[in-house]
Amino acid sequence: MKDAFGAPQSLLVLGGTSEIGLATARRLIARRTRTVRLAGRPSPALERAAAELRELGADVRTVAFDALDSASHEEVLGKLFTEGDIDMVLLAFGVLGDQARDEEEPLSAVRVAQTNYTGAVSAGLVCAGALQAQGHGSLVVLSSVAGERARRADFIYGSSKAGLDAFAQGLGDALHGTGVHVMVVRPGFVRSRMTAGREEAPLATTPAAVADAIVAGLRRGAETVWVPGALRVVMSALRHVPRPLFRRLPVR
């Protein structure tokens, strides 16, 4: 349950090495979150992340989790919920892929889609069911502004995020009134390891800023969070630009 400061007492991060996920965990630990589970592929990076959070005073454990292994999700994630209530699940895994390569190699494109969409649908439904069974909790889903409208530069990644975004919105409607809150987070270009070497887009943000927006969104019970907030207006306009003109815009 949330404590007197409005922060979840327990947190599960799906994508345990995600910079946004870890930045969010740090902020929540500072606000009295005491139990953190980092789920991801076993690696030194995952263990380092856990050690860092332990130094902040949280009880942290890593969990072997593979977004692509949907058949294992019910067992792996379900087991976590049998060990105690989880107040917040942050679905933070995903891959950008390489647009040029993925267009030439369909199996690479499928991997992007399976990670960002299929894996998220599987994990999201398992966690949603467990949260509903316990009667409370929040599911926070990291989407992207790239899912708002397909762009030539990243339509494979963008289409996977569009699917995830629609799924999360529908899941939120399905869970309305059950005590489970679903929040969709739509960051713009995030300066991170994942985007290193890529040309930066306007209104770029940072993992820390996204984490701050997530915490603020949780406090006010938001269903959708844009980071930065100005992107809400920008994307509302871009969504209605005629396709012939949209193709000529320098959007990335």
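What's counted below: heavy atoms across the whole structure, side chains too, no hydrogens, waters or symmetry copies.
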Could you tell me whether the side chain of [X] and the main chain of [Y] form a donor-acceptor pair under 3.5 Å?
{"X": "E105", "Y": "L107", "result": "no"}
{"X": "T205", "Y": "V190", "result": "no"}
{"X": "D87", "Y": "G137", "result": "no"}
{"X": "Q9", "Y": "R32", "result": "no"}
{"X": "T115", "Y": "V112", "result": "no"}
{"X": "R54", "Y": "V60", "result": "yes"}
{"X": "T82", "Y": "K79", "result": "yes"}
{"X": "R111", "Y": "D102", "result": "no"}
{"X": "D98", "Y": "R101", "result": "yes"}
{"X": "S159", "Y": "A150", "result": "no"}

Indicate the atoms forming the closest heavy-atom contact of [X] with [Y], along with that distance.
{"X": "H73", "Y": "S122", "value": "ND1-OG, 2.8 Å"}
{"X": "S70", "Y": "G119", "value": "OG-CA, 4.3 Å"}
{"X": "T17", "Y": "S43", "value": "CG2-OG, 4.5 Å"}
{"X": "S160", "Y": "A113", "value": "CB-CA, 4.2 Å"}
{"X": "A211", "Y": "R27", "value": "CB-CD, 3.5 Å"}
{"X": "G16", "Y": "A49", "value": "O-CB, 4.0 Å"}

Would you say the side chain of [Y] lies within less than 4.5 Å of the side chain of [X], judging by non-hydrogen atoms?
{"X": "V36", "Y": "D59", "result": "no"}
{"X": "M88", "Y": "T24", "result": "yes"}
{"X": "E148", "Y": "W226", "result": "yes"}
{"X": "L131", "Y": "F81", "result": "yes"}
{"X": "L68", "Y": "R41", "result": "yes"}
{"X": "I214", "Y": "V225", "result": "no"}
{"X": "L218", "Y": "S138", "result": "yes"}
{"X": "L53", "Y": "L22", "result": "yes"}

Between E83 and R61, does any NZ, NE, NH1 or NH2 come within less than 4.0 Å of an OD or OE carboxylate oxygen?
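Yes, charged N to carboxylate O under 4.0 Å.
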
Check whether the side chains of D85 and H136 place a donor and an acceptor atom closer than 3.5 Å, and report yes or no.
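A pair is found: one side chain offers a donor N or O, the other an acceptor, under 3.5 Å apart.
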
Say whether [X] and [Y] are linked into one hydrophobic cluster, either directly or through other cluster members, by side-chain heavy-atom distances under 4.5 angstrom.
{"X": "V184", "Y": "V227", "value": "no"}
{"X": "V13", "Y": "V76", "value": "no"}
{"X": "V95", "Y": "Y117", "value": "no"}
{"X": "V121", "Y": "L12", "value": "yes"}
{"X": "I20", "Y": "L38", "value": "yes"}

Out of curiosity, [X] [atom1] to [Y] [atom2], how far, rounded to the nearest 0.5 Å?
{"X": "L77", "Y": "S72", "atom1": "CG", "atom2": "OG", "answer": "7.5 Å"}
{"X": "Q114", "Y": "D69", "atom1": "CD", "atom2": "CG", "answer": "11.5 Å"}
{"X": "I86", "Y": "L11", "atom1": "CD1", "atom2": "CG", "answer": "9.0 Å"}
{"X": "D154", "Y": "I156", "atom1": "CG", "atom2": "CD1", "answer": "9.5 Å"}
{"X": "I29", "Y": "T35", "atom1": "CD1", "atom2": "OG1", "answer": "10.0 Å"}

Residues in side-chain contact (heavy atoms from CB on, under 4.5 Å) contact with T62, at least two apart in sequence or another chain
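side-chain contact (heavy atoms from CB on, under 4.5 Å) check on T62 returns L46, E47, A50.
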
List the residues meeting ring-ring contact (aromatic ring centres under 6.0 Å, His included) with F93, not counting sequence neighbours, and say none if there are none.
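Partners of F93 by the ring-ring contact (aromatic ring centres under 6.0 Å, His included) criterion, ordered by chain and then number, come out as F65.
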
Within the supplied structure, the quantity of interest is the number of heavy atoms (other residues, nucleotides, ligands) at a distance under 6.0 Å from Q134 CD; does it exceed 12?
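It does: Q134 CD has more than 12 such atoms within range.
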
side-chain contact (heavy atoms from CB on, under 4.5 Å) evaluation trace for L139 with L90:
CA-CA 6 Å; L139 174 61; L90 175 56; over 6 Å; no

Side-chain donor-acceptor distances from residues 161-180 under 3.5 Å, at least two apart:
| residue | atom | partner | partner atom | Å |
| --- | --- | --- | --- | --- |
| K161 | NZ | L142 | O | 3.0 |
| D165 | OD1 | Q169 | NE2 | 2.6 |
| D165 | OD1 | R186 | NH2 | 2.8 |
| D165 | OD2 | S143 | OG | 2.7 |
| D165 | OD2 | R186 | NE | 2.8 |
| T178 | OG1 | L175 | O | 2.6 |
| T178 | OG1 | V180 | N | 3.3 |

Would V63 and L80 count as a side-chain contact (heavy atoms from CB on, under 4.5 Å) here? Give the steps.
CA-CA 9 Å; V63 180; L80 288 175; 3.7 Å; yes

Evaluate E103 against F155 for side-chain contact (heavy atoms from CB on, under 4.5 Å), listing each step before the verdict.
CA-CA 10 Å; E103 288 183 40; F155 66 82; 3.6 Å; yes

